[in-house]
Amino acid sequence: MNTQPKASHFIGGAFVEDTRGAAFDSIHPATGAVIARLHEATPDILSRSLEAACDAQAAWAALAPVERGRILHRAAMILRARNHDLSVLETLDTGKPLQETLVADAASGADAFEYFAGFAPTVTGQTIPLGRDMAYTLREPLGVCAGIGAWNYPIQIACWKAAPALAFGNAMVFKPSELTPLSALALAEILHEAGLPAGVFNVVQGRGAVGAGLASDARVAKVSLTGSVPTGRKVYTAAAQGMRAVTMELGGKSPLIIFDDADVENAVSAAILGNFYSAGQICSNGTRVFVHQRIKAEFLDRLAARTRQIRLGDPLDPQTQMGPLVSEEQMNKVLRHIARGLDAGARLVCGGARHGTSGCFVQPTVFADVRDDMALAQQEIFGPVMSVLDFTDETEVIARANATEYGLAAGVFTRDLARAHRVAGAMQAGTVWVNAYNLTPVEMPFGGVKASGIGRENGHAALEHYTRIKSVYLGLGDVDAPY
Ligand code: NDP
């Protein structure tokens with residue numbers, strides 16, 4: 001596969017290159033091979049992308065919603081038709097196994113375009129009777145939205161932002177992570193093949209400074225970031241200066257609570273999926289697994305047995321279940337977290353080291369006897385490291401689960417229906433899964449509370465974050481003036 005894109009950026013419906021921007025390589029983390037060389041956006045490129053978006057937005061917004069939907073629906077069909085090639089591209093860029101990218105990345109992006117293509121024509125306002133007079137509301141697009149993506153689900157993140165933004169009449173400039181720059185360009189091409197007018201969706205490349213340029217530009221009405229909490233704080237601050245709207249999809253340290261009446265095998269499945277899928281590089285992962293003391297031994301036995309069977313290797317091999325981490329830097333960071341966990345006295349159940357000597361692979365790692373005050377239980381690791389903590393009492397575990405600055409997600413495993421609802425209600429989290437974990441269908445709003453974020457992606461909730469309300473008051477009689 002030729003992974004070198006035609007140019008670094010996609011602006012005004014065409015690939016654009018500007019070699020004055022600093023060069024950077026995209027690297028396949030399983031082998032270290034350079035798969036593409038690109039250039040960061042210069043201030044000129046950034047400005048051109050925003051101009052293109054500004055120029056295109058009004059005409060796009062003026063189309064009937066059903067026409068916008070038709071184009072986005074065609075894009076979804078092309079995404080599905082090219083799913084295999086897009087999945088290989090994503091696997092090369094991220095290192096995630098093909099087994100995952102074939103079902104979870106471009107396919108989830110296509111879901112988003114289908115959903116919002118159908119949603120757009122259903123959006124209406126209100127009529128508000130006021131006695132003699134009346135008012136009505138209009139849902140308007142915000143204008144030009146900036147999307148800034150993380151490296152773990154590059155095309156999915158681009159689609160989850162572009163689909164609602166475009167469906168409701170906005171234009172977008174999207175900046176992928178510099179570690180995974182390729183699939184957003186493929187998406188831009190597909191959208192234009194589907195009939196999207198030039199300038200409605202643009203891609204610029206670069207590191208944080210390019211994202212910061214977008215977040216602080218007066219032409220941008222809204223910034224949607226998927227990234228870490230420290231970056232979120234910076235972007236939110238920059239956006240606040242211009243009173244720009246934000247959606248912040250940030251990190252987490254989510255609790256997964258397993259009661260003693262749970263189906264242990266299912267709970268182990270959820271803990272494995274919720275810690276090792278995408279080599280643990282998922283924001284909503286349930287990395288603090290609270291297990292009731294009565295079932296702890298059985299749970300750990302099954303967990304260790306099943307974790308040891310996970311097949312690591314070449315992510316392009318369809319048999320491979322876990323690939324490398326996205327970069328050497330991320331691998332080293334995860335290995336440092338593991339070393340710190342060992343120093344703090346957590347009990348290593350399995351894994352705990354680099355896998356092999358080449359590529360950015362880390363063994364799936366389970367720590368038991370983790371205490372709440374250990375760094376393992378407090379910091380987002382973003383790698384295949386699970387911490388198992390003990391508990392005995394429902395009230396106690398709810399308090400401990402909530403005792404974190406994060407609030408992205410939570411999970412509860414129990415056969416007791418009343419307890420399931422009680423605990424779900426008590427969790428300080430944007431999403432709670434009951435007897436399931438990490439399922440994020442496009443129909444369901446997704447996002448965090450506390451430091452994990454602001455706003456929601458997907459579902460009907462996305463409407464609130466990509467439109468604004470205009471109220472129109474209709475005076476239907478004489479003006480009653482006191483002067
Ligand atoms: P980062 O926060 O490092 O980066 C996110 C994006 O922001 C990247 O495109 C990055 O560019 C860019 N960026 C960095 N600095 C700035 C800045 N000052 N202004 C504007 N943009 C900037 O996150 P990672 O890419 O490392 O992704 C991992 C994080 O993302 C984890 O914390 C994870 O939990 C979170 N995440 C959250 C999700 C959610 O939905 N809640 C989903 C997926 C991940 P560059 O990379 O080129 O430096």
Side-chain angles (χ1 to χ4, degrees), residues 8 21-22 24-26 38-41 46 93-94 96 104-105 108 112 146-161 173-182 184 203-217 220 223-241 244 246-254 277-287 325-327 329-330 333-334 379-383 405-409 429-431 438 440 444-458 462 465:
S8 300
F24 67 94
D25 292 334
S26 179
L38 297 98
H39 293 271
E40 287 200 62
L46 198 63
D93 218 4
T94 62
K96 297 195 297 179
D105 292 77
S108 154
I148 304 175
W151 39 257
N152 57 343
Y153 278 80
I155 197 166
Q156 184 195 82
I157 291 170
C159 293
W160 281 19
K161 296 189 189 310
V173 177
F174 185 82
K175 188 201 86 67
S177 166
E178 142 254 353
L179 293 175
T180 53
L182 302 180
V203 176
V204 293
Q205 304 290 349
R207 298 183 172 80
V210 175
L214 284 173
S216 56
D217 194 286
V220 170
V223 188
S224 178
L225 168 80
T226 297
S228 62
V229 173
T231 303
R233 289 203 167 97
K234 285 187 216 158
V235 174
Y236 199 1
T237 304
Q241 296 306 312
R244 279 178 271 286
V246 295
T247 297
M248 295 280 144
E249 294 290 348
L250 309 178
K253 191 75 197 177
S254 300
Y277 204 72
S278 297
Q281 302 163 115
I282 299 185
C283 51
S284 50
N285 270 354
T287 46
L325 293 166
V326 74
S327 66
E329 187 188 339
Q330 188 66 11
K333 181 182 145 199
V334 170
Q379 294 173 4
E380 186 184 42
I381 298 174
F382 228 55
E405 66 160 340
Y406 296 110
L408 189 55
T431 301
N438 258 358
T440 53
M444 184 178 84
F446 182 76
V449 301
K450 303 200 293 191
S452 291
I454 303 276
R456 294 290 176 270
E457 295 195 306
N458 293 341
H465 303 288

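Numbering of residues begins at 1 and proceeds along the displayed sequence. Here the structure is a predicted model, which means the values were calculated and not measured. In listed order, ligands and their atoms are each counted from 1.
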Open item on the list: Considering both backbone and side-chain atoms of L250, is one of its nitrogen or oxygen atoms within less than 3.5 Å of a nitrogen or oxygen in ligand 1?
Closed with: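 For ligand 1, there is an N or O atom that lies under 3.5 Å from one belonging to L250.
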
- [ ] Give yes if a backbone or side-chain nitrogen or oxygen of E178 is under 3.5 Å from a nitrogen or oxygen of ligand 1, and no if not.
- [x]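 Yes, E178 has an N/O under 3.5 Å of an N/O on ligand 1.
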
Which residue and non-hydrogen atom of the protein lie closest to [atom], and at what distance in Å?
atom                    : result
atom 24 (P) of ligand 1 : W151 NE1, 3.3 Å
atom 18 (N) of ligand 1 : K234 CD, 3.7 Å
atom 19 (N) of ligand 1 : A212 N, 3.3 Å
atom 35 (C) of ligand 1 : G227 O, 3.1 Å
atom 43 (C) of ligand 1 : N152 ND2, 3.0 Å
atom 46 (O) of ligand 1 : S177 OG, 3.1 Å
atom 11 (O) of ligand 1 : K175 NZ, 3.0 Å
atom 48 (O) of ligand 1 : G208 N, 3.5 Å

Once you restrict to heavy atoms under 4.0 Å, what part of [X] touches ligand 1? Side chain, backbone, both or neither.
X    : result
V229 : neither
T226 : both
F382 : side chain
E380 : side chain

Under 4.0 Å, counting heavy atoms only: does [X] come that close to any atom of ligand 1?
X    : value
L225 : yes
F446 : yes
G206 : yes
G149 : yes

Side chains of [X] and [Y] only: does a donor on one sit below 3.5 Å from an acceptor on the other?
X    : Y    : result
D93  : T180 : no
W160 : S108 : yes
K161 : T226 : yes

Open item on the list: So if I apply the side chain to side chain contact (heavy atoms under 4.5 Å, CB included) rule between Y236 and each of L250, V223, I454, which one comes out positive?
Closed with: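 Of the listed residues L250, V223, I454, the side chain to side chain contact (heavy atoms under 4.5 Å, CB included) partner of Y236 is I454.
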
Task: S452 to L408 - nearest heavy-atom pair and separation - done: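 Between these two residues, the closest heavy atoms are OG-N, 3.2 Å.
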
Open item on the list: Quick check on contacts: which atoms of ligand 1 are under 4.0 angstrom from a heavy atom of I148?
Closed with: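 Those atoms are 6 (C), 7 (O), 9 (O), 12 (C), 20 (C), 21 (N).
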
Open item on the list: Please state which option from S327, C283, G447, G430 has its nearest heavy atom closest to atom 36 (N) of ligand 1.
Closed with: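 Nearest heavy atom to atom 36 (N) of ligand 1 lies in C283.
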
